[in-house]
Amino acid sequence: MTEAERLKKLMALLTIALSWSVLMGQVQVNAEPLKLKKHGRPEKSLFRCGFDTLRQIFLNSSTVTYKLREALELLRCVCNQDSTKVPEVLSCT
């Protein structure tokens with residue numbers, strides 16, 4: 001495998017991970033809105049909320065089966081949808 005192929009696969013994997021984190025963050029914000037700081041901006045980004053959620057799922061062995069299944073279902077819905085319909089993905093689970 002050449003360096004270009006390896007880099008292409010790495011970028012694809014990072015893109016999927018970033019998208020999954022943002023989608024998980026959106027699901028978390030829909031369930032519980034983010035707190036706003038005094039200047040009006042949220043205390044965390046969608047990516048950070050989703051990344052923290054995914055990290056908790058993978059590191060906490062007692063919740064792995066149920067919550068991981070939920071997270072994978074969200075990712076599966078994204079893969080099966082047209083990329084122009086991303087907001088509808090959140091209601092597919």
Side-chain angles (χ1 to χ4, degrees):
M1 185 180 314
T2 66
E3 290 291 320
E5 290 172 342
R6 292 177 70 193
L7 187 59
K8 185 177 178 181
K9 288 183 181 194
L10 177 63
M11 292 303 292
L13 182 63
L14 288 173
T15 302
I16 291 168
L18 174 73
S19 301
W20 196 14
S21 293
V22 171
L23 283 169
M24 287 299 294
Q26 186 65 46
V27 169
Q28 291 298 315
V29 168
N30 285 347
E32 182 178 331
L34 290 173
K35 295 177 187 173
L36 297 179
K37 289 190 167 190
K38 290 180 182 178
H39 51 69
R41 293 186 179 185
E43 71 179 359
K44 289 184 181 180
S45 67
L46 289 178
F47 170 80
R48 187 69 205 188
C49 290
F51 181 76
D52 290 345
T53 302
L54 287 172
R55 186 177 58 190
Q56 287 175 354
I57 289 171
F58 286 111
L59 294 179
N60 188 355
S61 62
S62 66
T63 63
V64 166
T65 52
Y66 174 71
K67 289 192 176 184
L68 180 60
R69 200 173 300 148
E70 235 176 40
L72 289 172
E73 178 66 24
L74 178 65
L75 188 61
R76 184 185 67 79
C77 287
V78 171
C79 293
N80 290 336
Q81 295 285 329
D82 183 6
S83 62
T84 60
K85 299 178 182 176
V86 172
E88 293 179 12
V89 170
L90 299 174
S91 65
C92 75
T93 58

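Evaluation of the ring pair (Phe, Tyr, Trp, His ring centres under 6.0 Å) test over residues 18-53, restricted to residues two or more places apart or in two chains, returns Phe47-Phe51. Residue pairs that meet the salt bridge (charged side-chain N to carboxylate O under 4.0 Å, His left out) test with at least one member in residues 30-50, sequence neighbours left out, are Lys44-Asp52, Arg48-Asp52. Evaluation of the side-chain hydrogen bond (donor to acceptor under 3.5 Å, both in side chains) test over residues 2-18, restricted to residues two or more places apart or in two chains, returns none.
Cluster membership for Leu54 and Val27, using ILVMFWY side-chain heavy atoms within less than 4.5 angstrom, is shared. One hydrophobic cluster holds both Ile16 and Leu23 under the rule that ILVMFWY side chains link at heavy-atom gaps under 4.5 Å.
Taken from CD in Gln56 to CE in Met24, the straight-line distance is 10.0 Å, to the nearest 0.5 Å.
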